[in-house]
Each structure stands twice: as structure tokens, then as C-alpha cells.
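The first residue of the sequence shown is numbered 1, and numbering continues consecutively from there.
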Amino acid sequence: MYDRILIRFGDLTLKGKNQQEFVRKLYSLLEEKLEGLNVVIEKKHDHAYVILGNSDYKVVLNRLDLVAGIHSYSLVKKISRDLEELKKEALIYINEEVKEKTTFKVETKRADKSFPYTSMEVSKIISAHLLKNTDFLEADLHHPKFVLKIEIRNDGIYLYNNQIRGLGGYPTGIAGKGLLMLSGGIDSPVAGFLAMKQGVEIECIHFESTPLTSIESAQKVIDLVKIIAKFAPNSKIVLHMVPFKAIHMSLLEKIPESYNITIMRRMMYRIASKVANKNNDLVLINGESIGQVASQTLQSMATINEVTNIPVIRPLATYDKLDIISIARKIGTFNISIKPFEDCCTIYVPKAPATAPKAYKARKYEENFAYEELIDEAVSNTKSIVISKDMDLDLAMYGLEVGEAINEYNKIK
């Protein structure tokens, strides 16, 4: 019954002189995500139509769920601008969509004012026709269970009853590029997704400490990037794997236990800042939520942030854990995140971590070892790999350390 999908742009239409740049980026993402399907994108000023052809609309809807910048979409049927055909098609539509007794109303939007009937008149005519020719409808103008929507435009009349929420936000990549500090947990993949949803293209950085941590911990991260890559331009994200073992060992040996996590995070921020500058990433992104753990109190954040002058975005700063879990389930990262393979932030958790660490104490403890050399070495030995949503990479298959396995994979590819 449906022959097209109406796509609404939402906030994009509020943009000023750069509105067309946002719309062009959205169309680019649409064309990419719908590639391979027998559909046609019909571009309008403040909306678009995806003409389905012989494509399964469910497949198209699944692809649209990957495109940031879409406010909502509806499955619609287009007919000619003829009142009698509208009456006939509206009855067919109702008989196909409604399977039991229900309340309903008709809502008409007359975008083309040259149509000879007002919106109110069209709604009354169609409502009367439906009530006369069915025995399962009851009019209810205030709280109907079913609403038939009619849009009258200069190129035809459109029938629909659903309005599906899109991702919202802005087209991924329109805001520039950021570096996501990605652990193997629940929070950071969600933070990356939310940043992409607001127009930020991301690269990812992960600090791996094999053999202190397992190879499965690094594999978790690759599998997480594969999932969030579905939302990225070209369905690809660059992942930077940082060898962190030497720094990790020095921290365990040289730093008081209560400050171990604080200074570990400071080292990670220093490394991430260097990698971001090297790759033209404008911001750092992480999955911190205020007060969720000891290193995420405001005092901790301030002490950790001291080591970088790159802006840090925390999309989850005010989110509850249950809200974060809900998004993780929706985007498909949750089941991977909860696999019991620990990363370097969780494998040696202090019994009594400092919840209000002081920056001057952190600086003093850092004097216990030559961390600058270790940081430079970690940055120079960082291995980068392009992760696509469909790639098949099993680190354990190589029987090598993470960096060497990535080298071998990159040679093959």
C-alpha cells in the first residue's frame, strides 16, 4: 500500500545561511545508507521522499534509523489531487490499516492553498465518507486511537497515519571530528553514538595493556566500534590502539593506590591529546557521568582535565545509568559491553580511590617516574586500524600481541 516514505528534517530547517550545507550533508548520508536498494530520493525544500519502488519498506526504515539529522518519517501513499479519488483511497487505507473497532479522526494539512477545499472541509468530507462506509469506526476529535493524516501539496495528496521518530540531531560529520576515549564498558560507546548524533564524526582511542589484560578485552573494543560504525559516514571509524602496559606497570609500582586511577586517567588524557592533535580531532569525547564512579566526581574531573587544553565533551554527564543502558540496548552495544573481559581501568581497582583528588598531589606523585618518555613511546607505537561495520577481525587468530596483530591485518588489507 505504501509507495514512499516522507522524511522530515526538524532542526535543520531552523538553520540560517548554512542550512543548505546541513541539508546537503544529510542527503549525502541518506544516499550512502540507502545504497544498493532500489529506491529514489526525491529532494524538497524542508523534507524529502524516499520512493520505494519494489524495495521492502522495513529494510528502508532500518537504514533510516542509522541517519542522524532526521527528525521523523512516515510511511505514505501518494494519490492525485482529486476529491473523489481521495475518498476512495482513504477508505481503502482505513480498511487495510484498521483491523478492529476503534475511535478515529481525520487531520488535514493544506500546504497548497489553491486546493478548492479548506483543511477543515476536507477533514469533514472524508470523516463522513469513512463513517458511512465502515462499521468499525467511531469519531473522536479529542482522544482518537487512530488518526488519518492528509497532506495536500501542489504535486499530489499524501495519506499516512504514523510518525516514527528519527535519530534527530544533525548529520554526522557536519560539526567536525572528535576523538572518543573508548573503553570496553557500557558508557563510552553510548557517548560516541550521542556525539555522532549531534554531527560529530569520531575516531576512537583505546588503551590496551595486554598481557595484563586479556586479548578478549581488546577484541571487545573492536566489536563495539563495528557496531557504532553503522552510524558513521561510509560505515567506517578509525581506531587507535595505544600500548599502555609500560605506563600501567609504572603506575602500579610508583603511585599511591588511592591516586592510581586519577593519574592513570591523566596519562590517558595526555596521550589522547597528542593523538588528537596529530589527527586533527577538535575535541576529546568520553563516557563520564557525574558521580558515577570515584574518577567521575567534579573534583576528579577537574584534576584530570588539568593536563589537556583540548575541549572535553561528556555527552553522558547528566545521564542516569538506566538511561545509558537503555540507549546501549537500542544501538546494540550492551551485550558486548557486559562481556566479562576487563580493561586497564577496571582490572586493578583501588580499594579506596580518592574521590576528591588534588591536582597538586597528582603532580607531586607524577614526579616519581619519567612519564613523558613513556607517553612519547606509547604514542609512537600506537597502531591505527580502520574498522568497518562488516569487517571480520579476530585478534586471537593471529597469536600475537594486539599491536602486532593489527600490523598483520593491515598488511593483508
Side-chain angles (χ1 to χ4, degrees), residues 178-192 195 204-209 212-213 217-218 221 240-277 281 283-317 324 342-372 374-379 382:
L179 182 62
L180 173 67
M181 301 173 72
L182 183 66
S183 72
I186 296 171
D187 299 341
S188 54
V190 174
C204 297
I205 186 169
H206 178 71
F207 302 87
E208 62 90 9
S209 289
L212 297 179
T213 55
S217 173
V221 169
H240 306 286
M241 280 286 200
V242 180
F244 200 68
K245 184 182 87 167
I247 296 176
H248 198 164
M249 293 295 291
S250 294
L251 292 172
L252 294 174
E253 179 184 350
K254 305 287 187 181
I255 303 300
E257 185 182 38
S258 63
Y259 266 70
N260 198 289
I261 292 295
T262 299
I263 294 179
M264 179 184 292
R265 297 287 288 172
R266 283 164 66 96
M267 297 300 157
M268 289 177 173
Y269 271 55
R270 288 182 171 108
I271 293 170
S273 298
K274 287 179 179 289
V275 173
N277 285 327
D281 297 309
V283 296
L284 301 181
I285 305 162
N286 65 40
E288 293 174 348
S289 176
I290 296 171
Q292 192 174 114
V293 296
S295 64
Q296 295 176 21
T297 63
L298 293 182
Q299 296 93 330
S300 290
M301 290 181 185
T303 296
I304 294 167
N305 256 65
E306 182 192 54
V307 304
T308 183
N309 58 8
I310 297 179
V312 179
I313 295 176
R314 296 176 172 88
L316 302 180
I324 298 170
E342 297 180 304
D343 59 27
C344 58
C345 288
T346 58
I347 192 167
Y348 296 123
V349 178
K351 293 179 181 177
T355 58
K358 309 298 182 186
Y360 75 88
K361 284 189 177 182
R363 289 193 295 270
K364 180 180 178 181
Y365 293 143
E366 287 172 348
E367 293 174 358
N368 292 339
F369 69 110
Y371 65 83
E372 293 93 344
L374 293 173
I375 284 175
D376 289 341
E377 183 179 357
V379 172
T382 293

For [X] and [Y], indicate whether the former's side chain and the latter's backbone hold a donor-acceptor pair under 3.5 Å.
{"X": "Thr303", "Y": "Pro357", "result": "yes"}
{"X": "Thr297", "Y": "Ala356", "result": "no"}
{"X": "Asn277", "Y": "Lys274", "result": "no"}
{"X": "Thr382", "Y": "His240", "result": "no"}
{"X": "Asn260", "Y": "Leu251", "result": "yes"}

[atom1]/[X] to [atom2]/[Y] distance, rounded to the nearest 0.5 angstrom?
{"X": "Arg265", "Y": "Met301", "atom1": "CZ", "atom2": "CE", "value": "9.0 Å"}
{"X": "Leu179", "Y": "Ile285", "atom1": "CG", "atom2": "CD1", "value": "7.5 Å"}
{"X": "Tyr259", "Y": "Lys358", "atom1": "OH", "atom2": "NZ", "value": "7.0 Å"}
{"X": "Arg314", "Y": "Leu284", "atom1": "CZ", "atom2": "CG", "value": "9.5 Å"}
{"X": "Met267", "Y": "Ile255", "atom1": "CE", "atom2": "CD1", "value": "6.5 Å"}
{"X": "Ser183", "Y": "Asn286", "atom1": "OG", "atom2": "CG", "value": "9.5 Å"}

Report the C-alpha separation of His248 and Phe207 in whole Å, then their side-chain angles, then the decisive distance to 0.1 Å, and conclude whether the side-chain contact (heavy atoms from CB on, under 4.5 Å) test is met.
-> CA-CA 10 Å; His248 198 164; Phe207 302 87; over 6 Å; no
Any salt bridge between Glu306 and Arg266, counting N to O under 4.0 Å?
-> yes
What are the two closest heavy atoms between [X] and [Y], and how far apart are they?
{"X": "Leu180", "Y": "Gly192", "result": "CD2-CA, 3.7 Å"}
{"X": "Val190", "Y": "Ile324", "result": "CG2-O, 3.8 Å"}
{"X": "Glu208", "Y": "Met241", "result": "CG-SD, 4.3 Å"}
{"X": "Gly184", "Y": "His206", "result": "N-CE1, 4.5 Å"}
{"X": "Ala191", "Y": "Gly287", "result": "CB-CA, 3.8 Å"}
{"X": "Ser300", "Y": "Ala354", "result": "OG-O, 4.0 Å"}

With side-chain contact (heavy atoms from CB on, under 4.5 Å) as the test, would you mind laying out the steps for Val312 and Tyr269 before giving the verdict?
-> CA-CA 10 Å; Val312 179; Tyr269 271 55; 3.9 Å; yes
Any chance you could lay out the side-chain contact (heavy atoms from CB on, under 4.5 Å) test for Phe369 and Leu374, step after step, and finish with the verdict?
-> CA-CA 9 Å; Phe369 69 110; Leu374 293 173; 3.9 Å; yes
Is there a side-chain contact between Thr262 and Tyr365, using heavy atoms and a 4.5 Å cut-off?
-> no
State, yes or no, whether a side-chain contact exists between Pro311 and Ile313 at a heavy-atom distance under 4.5 Å.
-> no
side-chain contact (heavy atoms from CB on, under 4.5 Å) between Gln296 and Ser289, intermediate numbers included = CA-CA 6 Å; Gln296 295 176 21; Ser289 176; 4.1 Å; yes
For Ser250, enumerate each residue passing the side-chain hydrogen bond (donor to acceptor under 3.5 Å, both in side chains) test, keeping only those at least two apart in sequence or located in another chain.
-> none
